[in-house]
Amino acid sequence: MSSFPVEKTWWKEAVVYQIYPASYLDSNGDGLGDIPGIISKVPYIKSLGVDAIWLSPIFASPQKDMGYDVADYRSIHAPYGTINEVQTLIEKLHANNIRILMDLVVNHTSDQHAWFKESRSSKSSAKRQWYIWRDAKYDEMGNRKEPNNWKSIFGGSAWVFDEGSDQYYLALFLPSQPDLNWENADMRKATHDDMRFWLDRGVDGFRIDSMNLMSKHPDLPDGKIVNPDEPYQSGAEFFASGPKMHDYIREIRTEVLDHYDVMTVGELGFTKDEKSVRQYVAKDRHELNMLFTGDIVDMDFGANAKYERDDFHPRKIRHITNMWQKAMPKFNGWNTIYLDNHDSGRSLSRYASDAPQHRSNAAKMMATYMTTLSGTPFMLAGQEIGMANLGKDYGAESYIDVEGKNYYNEVLKNRGGNVEKMNDVLREMQLKSRDHGRLPMQWDNSPHAGFTVESAQPWMTVNKDFTEWNVASQLDDPNSIMAYWKQILALRKAYKDLLVYGSYTALDESETGEMVLGYERESSETGQKAVVLLNFSNQSQQVTVQRYEGFKVLISNQSGDGIVKEEVELQSYGAVVLLSA
Ligand code: TEU
């Protein structure tokens with residue numbers, strides 16, 4: 001139990017709804033979602049009972065990485081709309097008591113950013129030091145080589161040679177996403193100004209992209225050779241959570257954020273141990289409000305590569321959930337609760353089931369997880385209707401995102417270009433491709449799911465299951481996934497001393513069985529308890545609940561609710577929340 005009294009803040013009580021702008025709603029028939037589309041859906045967003053949206057990048061960008069390659073942080077990607085429309089969106093959200101978080105992408109920019117163009121123009125450019133430039137190395141034969149052996153997160157070398165200025169620049173993602181040099185104080189100041197630009201326009205905080213990659217080891221040492229057969233190796237040990245990381249965040253806090261009432265959530269990659277995590281979010285560190293540690297969306301990633309196989313098992317979610325629920329209160333930190341984002345497959349299809357007979361119950365079970373833990377829930381648009389991955393009948397050609405495509409093509413090349421040998425990789429893409437998290441929103445059963453007009457070509461495949469799984473079909477159905485979300489989000493608010501601020505105690509696996517995740521929450525104000533039981537399997541499970549005799553069912557996705565006796569029978573993907581008197 002926490003030794004701190006939990007301080008109450010709006011961002012702890014908020015539920016955040018992530019919107020991927022390309023995929024929400026197209027208002028002008030070009031096949032791409034846009035800002036006016038989101039504006040028209042503010043009443044819908046409000047009706048769900050969420051308190052904030054996180055908008056993935058909407059800024060001017062060549063869209064090599066769907067806007068995570070920013071060319072100008074102060075203007076809007078024209079097909080999405082105008083800055084005035086963004087202002088209208090902010091105002092309309094605020095008028096409905098909904099806050100807005102923007103994506104702050106400042107580990108790198110696009111190579112089309114004016115800063116980079118100037119930086120690459122010559123070695124003596126005033127902005128040369130705003131990016132990370134190094135001289136080439138040469139082997140004994142005199143062949144030019146990269147400054148170190150780091151592998152890019154999206155494949156190939158992390159270094160790009162610039163013929164014009166005869167040096168390499170570092171790009172941890174795509175070659176067109178050069179990493180900024182945070183050592184440079186002028187660059188940092190310019191970035192702080194960009195942040196203020198949006199905060200002064202009413203933005204309520206930031207999700208900070210690739211947050212902990214901003215500080216690299218100053219010597220940029222070679223990564224350990226783990227795969228001797230490969231030319232490039234992971235350099236994560238030297239580019240993640242480097243020595244100046246905390247200085248940069250604190251500077252952002254004191255220079256910028258502390259002058260506004262805002263929240264921050266940092267994306268923390270490659271750093272997952274409690275001690276390091278603590279340093280970013282312990283209250284006394286004065287750094288970030290919360291983090292995405294990533295482990296919850298990586299549970300089925302392979303040991304060496306995302307698209308290698310390592311099947312989900314409920315023990316993984318038990319381990320990760322217990323770890324962070326127990327850890328955060330120790331240092332007065334705060335959790336994020338999430339299962340989905342735009343960087344992977346839908347959790348419903350990966351960790352539960354989208355099979356027709358299970359889909360509705362499984363989505364409600366996952367909704368129960370998302371709303372009964374200590375932390376700020378972040379749901380991905382579409383979760384409220386149980387959107388799922390593209391089915392197995394979509395082949396490799398349906399996947400368009402660079403991350404998956406690069407990996408697929410690299411493996412294909414190593415296997416002599418034989419597509420027949422690619423079924424294992426395709427299987428993993430069907431589970432984890434970033435495309436699934438970015439599928440167009442399914443509004444109704446009209447052509448293209450109502451995402452865009454019939455005559456348009458949607459930028460991304462619309463999942464053909466939309467005829468059955470869409471917003472319109474669930475709006476008036478009291479048994480729908482959406483109705484369940486609305487109900488449980490309202491309960492989270494009504495019981496916030498318990499469900500938001502209450503303490504967390506794990507139920508032991510010996511008590512629940514290995515397929516069931518169980519935990520208790522307890523209000524420090526009233527002593528009231530909630531017990532949550534989540535069945536992550538397609539078999540029914542019995543859980544003995546003698547010690548909770550007399551508790552009543554607060555919410556459940558199965559029939560036969562009532563007063564609890566000795567045992568709870570969880571149906572496949574069943575979820576039951578019990579409440580003490
Ligand atoms: O993601 C950072 C990141 O590390 C991801 O590449 C992640 O490892 C991968 O997607 C897992 O499948 C952020 C953004 O969320 C992502 O969309 C961007 O592509 C990336 O940064 C570069 O900005």
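Nothing fancy with the numbering, it's 1 onward along the sequence. Atoms within a ligand are numbered from 1 in the order they appear, just like the ligands themselves.
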**Asked** With sequence neighbours left out, what residues match Trp130 under ring pair (Phe, Tyr, Trp, His ring centres under 6.0 Å)?
**Response**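 Once residues adjacent in sequence are excluded, the partners of Trp130 under the ring pair (Phe, Tyr, Trp, His ring centres under 6.0 Å) criterion are Trp115.
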Decide whether the shortest distance between a heavy atom of [X] and an atom of ligand 1 is less than 4.0 Å.
X      : value
Lys64  : no
Met66  : no
Phe154 : yes
Met211 : no
Ser344 : no

**Item:** Location of contacts on Tyr68 toward ligand 1, heavy atoms closer than 4.0 Å
**Value:**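 Within the 4.0 Å criterion, Tyr68 contacts ligand 1 through backbone and side-chain atoms alike.
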**Residue portion contacting ligand 1 (non-hydrogen atoms closer than 4.0 Å) for Lys432** =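 The answer is neither; Lys432 stays 4.0 Å or more away.
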**Request:** For His342, counting its heavy atoms only, list the atoms of ligand 1 lying under 4.0 Å from any of them.
**Result:**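 It comes down to these atoms of ligand 1: 14 (C), 15 (O), 16 (C), 17 (O).
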**Request:** Sort and list the pairs that fulfil ring pair (Phe, Tyr, Trp, His ring centres under 6.0 Å) and have at least one residue in residues 204-233, not counting sequence neighbours.
**Result:**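 For residues 204-233, and leaving out neighbouring residues, the ring pair (Phe, Tyr, Trp, His ring centres under 6.0 Å) pairs sorted by first residue read His217-Phe238.
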**Request:** Among all protein heavy atoms, pick the one closest to atom 14 (C) of ligand 1 and tell me residue, atom and distance.
**Result:**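 I find the closest protein heavy atom is Asp209 OD1, 3.0 Å.
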**Request:** Around atom 18 (C) of ligand 1, find the nearest protein heavy atom and jot down its residue, atom name and distance.
**Result:**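 It is Asp65 OD2, 3.3 Å.
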**Request:** Keeping the roles fixed (side chain from Lys64, backbone from Ser176), state whether a donor-acceptor pair exists under 3.5 Å.
**Result:**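 No.
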**Asked** Can you check whether Ser61's main-chain N or O pairs, donor with acceptor, with Ser110's side chain at less than 3.5 Å?
**Response**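 No; zero donor-acceptor contacts below 3.5 Å.
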**Request:** Answer yes or no for Arg99 and Trp10: cation-pi contact, defined as NZ/CZ to six-membered ring centre under 6.0 Å and angle to ring axis within 45°.
**Result:**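 That pair qualifies as a cation-pi contact.
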**Donor on one side chain, acceptor on other, Tyr338 and Gln383, under 3.5 Å** =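 Distance-only check fails for Tyr338 and Gln383.
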